[in-house]
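So that the names make sense, note that chain A is the first sequence line, chain B the second, and so on, each numbered from 1. These numbers come from a predicted model, not from an experiment.
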Amino acid sequence: MDVALARSWIAAIAAAVAEQADYLTQLDSAIGDADHGVNLNRGFTAVVTALDTADPRTVAEVLVKTGTTLVSKVGGAAGPLYGTAFRAIGKALPADSSTVDAAELGVALRAGLAAVQKLGAAVPGDKTIVDAYGPAVAAFEEAADDGLPAAARAAAEAAAEGMRATTELHARKGRASYLGPRSVGHQDPGATSTWLIFQALADVAA
Amino acid sequence: MDVALARSWIAAIAAAVAEQADYLTQLDSAIGDADHGVNLNRGFTAVVTALDTADPRTVAEVLVKTGTTLVSKVGGAAGPLYGTAFRAIGKALPADSSTVDAAELGVALRAGLAAVQKLGAAVPGDKTIVDAYGPAVAAFEEAADDGLPAAARAAAEAAAEGMRATTELHARKGRASYLGPRSVGHQDPGATSTWLIFQALADVAA
Amino acid sequence: MKKFINDPAAVVREALAGVAAAHPDLRVDIEQQIVVRADAPRAGKVGVLSGGGSGHEPLHGGFVGLGMLDAACPGEVFTSPVPDQILAATQAVDGGAGVVHIVKNYTGDVMNFQMAAELASDEGIEVQTVLVDDDVAVEDSTWTAGRRGTGATLIVEKVTGALAEAGASAAAVAAAGSRVNEQSASFAIALTACTTPAAGKPGFELPDDEMEVGVGIHGEPGRRREKLRPAREIAAMTVEAILGAKPLAAGTEAIVLVNGLGGTPLIELYLLYGEVAALLDKAGVQVARNLVGNYVTSLDMAGMSVTVCRADAEILRLWDAPVRTPALRWGV
Amino acid sequence: MKKFINDPAAVVREALAGVAAAHPDLRVDIEQQIVVRADAPRAGKVGVLSGGGSGHEPLHGGFVGLGMLDAACPGEVFTSPVPDQILAATQAVDGGAGVVHIVKNYTGDVMNFQMAAELASDEGIEVQTVLVDDDVAVEDSTWTAGRRGTGATLIVEKVTGALAEAGASAAAVAAAGSRVNEQSASFAIALTACTTPAAGKPGFELPDDEMEVGVGIHGEPGRRREKLRPAREIAAMTVEAILGAKPLAAGTEAIVLVNGLGGTPLIELYLLYGEVAALLDKAGVQVARNLVGNYVTSLDMAGMSVTVCRADAEILRLWDAPVRTPALRWGV
Ligand SMILES: Nc1ncnc2c1ncn2[C@@H]1O[C@H](COP(=O)(O)OP(=O)(O)O)[C@@H](O)[C@H]1O
Ligand SMILES: Nc1ncnc2c1ncn2[C@@H]1O[C@H](COP(=O)(O)OP(=O)(O)O)[C@@H](O)[C@H]1O
Ligand SMILES: [Mg+2]
Ligand SMILES: [Mg+2]
Ligand SMILES: [Mg+2]
Ligand SMILES: [Mg+2]
């Protein structure tokens, strides 16, 4: 992955989030407060502008800038979580090389997951971002030797599966947890946006 | 009409108003504030109790008591208007005779109408109580020579016709007037309750 | 019907029981349905009272207290109080200097208050009446019962209450109230109908993309129905109607009320206030004081009204005077 | 969606413009989305600020002023503010004596405020955080994100604001806030869902004869759905839940808030207050102070919450201290 591909990834996320904003918001309406799509859309729109202005020189810079912008534009739970994730991913990458390979990205994605879990204290099965992100990173790592396109495809598929599996889960973190057992039967909005992020990576890496 | 018949009349009004309270309120909902049936029902319920307590000795007393009670229990436009009407009817009757004939009642009903118009300043065609009351009194007077049952029946029929004719009128008095031309097409609640009053008279006099 | 009530017929009395429990500094007579200041009557002080149907809370009971009303007599929902009730309130606040009745211009209110004034006069109490008819949606013509009394009632009550507190005569208090009324204009727009407890369903059905323009505060439909428009255009319609009916010379000071009809949240009222203030500014009107909130309501109706009152130094001074009531309080 | 708005994405900023126009005595930075007291920062005075998603008005912006908050930072509708915004507000109220953040316990709020506190600390500002989690509908277990912060926030803001005004240290102010929170319990019931401008339709559909029990203030469904019941039984459910979670010994004094969620008219809230007061009285609780109205809302949701705060002499003294804000004012 070079800077151009990293920026394509972010642009693809922004496009997917814009397109799916209503869908994400409706998912959040069922078990949350109906703002997830709007929030991410506001955030990634700002990220695209910020990247245009900053014109980062390394993949690491692209991702740190993405994270920083998300933190300062999104708010809610998703802002700090995704913002911290992208910052951690960027910071885990080689600071000065203009390209990174699949293995390096795998390590960085794992660091992003760790940051999300450190901040939000969610474990697998809590019906959160982690339920899509966790399987996605594992699949990415496993397929890293086959190169970025294959690893990204595997990660997107695993994220999708994790996302779908959240439907049957009883939420223990985030707003959905307030619903108790009534959270069961609804797909988690955060897990859904996580899938969009990995699907965007698969699309641009293909 | 003797005291017993006068009290039957009031009891019949109370029964009719109770039965039609929802209907009157729905009519008032369309062009007013949805309280006409509730108001009159509260009022006539109180009148029945008040008459039981007061045990009036003359027809005049029955009707004055009815009016006084309506004034102090109904509120809104209908309370003062019907209250004043019944008081004026009672006061126009011979004060000491225990029965009144149709001609005397006709004169008294006319006095009631005058009191309503004096207080409310409505003229025929304004889409109010007057549009049922006016024709009813005229018909009553015309048939008074045929005795109370016939006069009351004629009055009830005329009231019904006047009531129905209010549908096409553009209100100029009361809350319905605020709607302007939109008041057209709805039957006036007050004219409707006036019809109930004359119909009750026809029923008990028959 | 979805309401926090027990029995539709008992709503007013049970709400009054809540007022009594919440405000031990008011005297609430639940039987008579009157709310009275604890220190009333005060010898030599003009009593100021108002009343009308319930369903407009905090109007009027929420404005009873120091510097505003001495008493309120709430009728049943949307039903003006009865003469006995008004008389009882009048007697309760008569300190020998006369009593001012603030009456919103509705047929029922006018007749019941008039009867009560006659009864009071029979008992030797001098009653002065201030008729409030600020709603410019209703053209004052032979085709209507006259303009309705709406948002300006609050300003009339504040100003007359302050003047009475300061020891003015009944005639002076009433004159100030009438002046506020003459200098005020209001206009309202609703997005939904309200539901009275007695009727149990909304007074009218309004499609999702329509609004009622020129509504009153009794749940009746407005003067006309229009397509729903952005807040900016709604504010413009409202301000135009108001300034059209009662033009204000550039530089004039005003008290402005952006009022919710009961079901409209504050965030929307503030957004509207921003639009209204910008429009008035453009028209050269100086907003000297403002109030944003649900003050003169129509049960759960989603809607808003704007009231603009031309204010001179005396009105502003009386507006600023201390007031201590459940719904309006400052300076004390 | 029927709202007085222009553009769903601009609601918060446009409402802030209205706040700025209505309250010239507050400093409103529309770009940064912060509302600050005109006299902030005051050297040596602890700054008290709060924030959270918008849609709960008058919370928090309506509580900025003398004796209460020094600043509020409203996020987008139901979205906690971002760290930069919170930092800007923190800097704006830092008079060198530290700043207290009042944070309602939601994942997003907690994380964003924590990040802001770290940024502030990097700049040498001491931040103390009071976490409000009074909603006893959510059992505090491993199955939830913890209890939500709801109605008690108002009481925490009032008490901490008064203490800071009196010159207390940041630690003392925060401790008092935490004590109020620990001594408070709230429970809410909704009759309708609210509609966020962004979603454009109600969060859930509730049949005409059902209510959501144990709702929060973000439009989410409650803990369970039940058949609609009379106000008396609803009040009883609420009071039982509150006293069940935080029992009060007979004779205990309390501050009680009967709060509307935005779409419930005052007449219903007073009726409910009457029921709640009677139940508390029966339970031996002495209601020392009360507040009835729409204070901590959820846009246009028809619903209500009850908050009971065990109050000692210090809390009552701070509650009674002068306050001058758009939505709460007394003693000044
Ligand atoms: N502690 C947590 N750890 C990981 N993800 C979380 C956590 N809490 C919430 N989330 C995710 O955040 C999503 C909601 O994000 P969003 O709607 O933007 O924020 P908010 O809940 O503040 O409105 C949830 O669907 C869930 O996936
Ligand atoms: N000035 C008037 N003269 C005669 N009847 C009137 C007048 N104003 C109103 N009414 C009658 O009163 C009826 C409404 O009564 P009601 O609903 O009880 O009072 P309110 O209008 O105060 O709610 C109207 O339908 C009309 O017939
Ligand atoms: Mg959300
Ligand atoms: Mg009516
Ligand atoms: Mg009425
Ligand atoms: Mg949110």
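- With chain A as the partner, the residue from D/Gly216, D/Pro221, D/Gly75 showing the most heavy-atom pairs under 4.5 Å is D/Pro221.
- Across A/Ala21, A/Gly79, A/Ser72, the residue that shares the most heavy-atom pairs under 4.5 angstrom with chain D is A/Ser72.
- Heavy-atom pairs under 4.5 Å with chain D were tallied for A/Ser177, A/Pro181, A/Ala176, A/Gly180; the largest tally goes to A/Ser177.
- Of all the heavy atoms in A/Arg182 and D/Arg223, the pair that sits closest is CD-O, 3.4 Å.
- Looking at A/Thr25, the atoms closer than 4.5 Å to chain D (heavy atoms on both sides) all sit in the side chain, from C-beta outward.
- Other residues, nucleotides and ligands contribute more than 12 heavy atoms inside 6.0 Å of the CD atom of D/Glu210.
- Looking at A/Val38, the atoms closer than 4.5 Å to chain D (heavy atoms on both sides) all sit in the side chain, from C-beta outward.
- Contact annotation for A/Ala78: neither backbone nor side-chain heavy atoms come within less than 4.5 Å of a heavy atom of chain D.
- In this structure, A/Arg172 contributes its side chain and D/Ala145 its backbone to no donor-acceptor pair below 3.5 Å.
- Counting only residues at least two apart or in different chains, salt bridge (charged side-chain N to carboxylate O under 4.0 Å, His left out) contacts with residues 64-93 of chain A are absent.
- At distances below 3.5 Å, not a single donor-acceptor pair connects side-chain atoms of A/Asp33 with backbone N or O atoms of D/Glu220.
- A/Glu161 CD: 12 or fewer foreign heavy atoms inside a 6.0 Å radius.
- Highest contact tally toward chain A, considering only D/Asp109, D/Val110, D/Val82, D/Asp84, is held by D/Val82 [criterion: heavy-atom pairs under 4.5 Å].
- No side-chain heavy atom of A/Thr84 sits under 4.5 Å from any side-chain heavy atom of D/Met111.
- When all heavy atoms of A/Tyr178 and D/Val138 are compared, the closest pair comes out as CD2-CG2, 3.8 Å.
- Contacts with chain A were tallied for D/Thr107, D/Thr79, D/Leu87; D/Thr79 has the most, counting heavy-atom pairs under 4.5 Å.
- Within the 4.5 angstrom heavy-atom criterion, no atom of A/His36 approaches chain D.
- In this structure, the portion of D/Glu212 lying under 4.5 Å from any heavy atom of chain A is its side chain and not its backbone.
- One distance of note links CE of D/Met115 with CG of A/Leu119; it measures 5.0 Å at 0.5 Å rounding.
- Ranked by heavy-atom pairs under 4.5 Å with chain D, the list A/Asp126, A/Leu81, A/Ile31, A/Val71 is led by A/Val71.
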Name every donor-acceptor pair, under 3.5 Å, that has one atom in a side chain of residues 187-205 of chain D and the other anywhere in the protein, sequence neighbours excluded.
from	atom 1	to	atom 2	distance (Å)
D/Thr192	OG1	D/Ala302	N	3.0
D/Thr196	OG1	D/Ala199	N	3.1
D/Lys201	NZ	A/Gln26	OE1	3.3

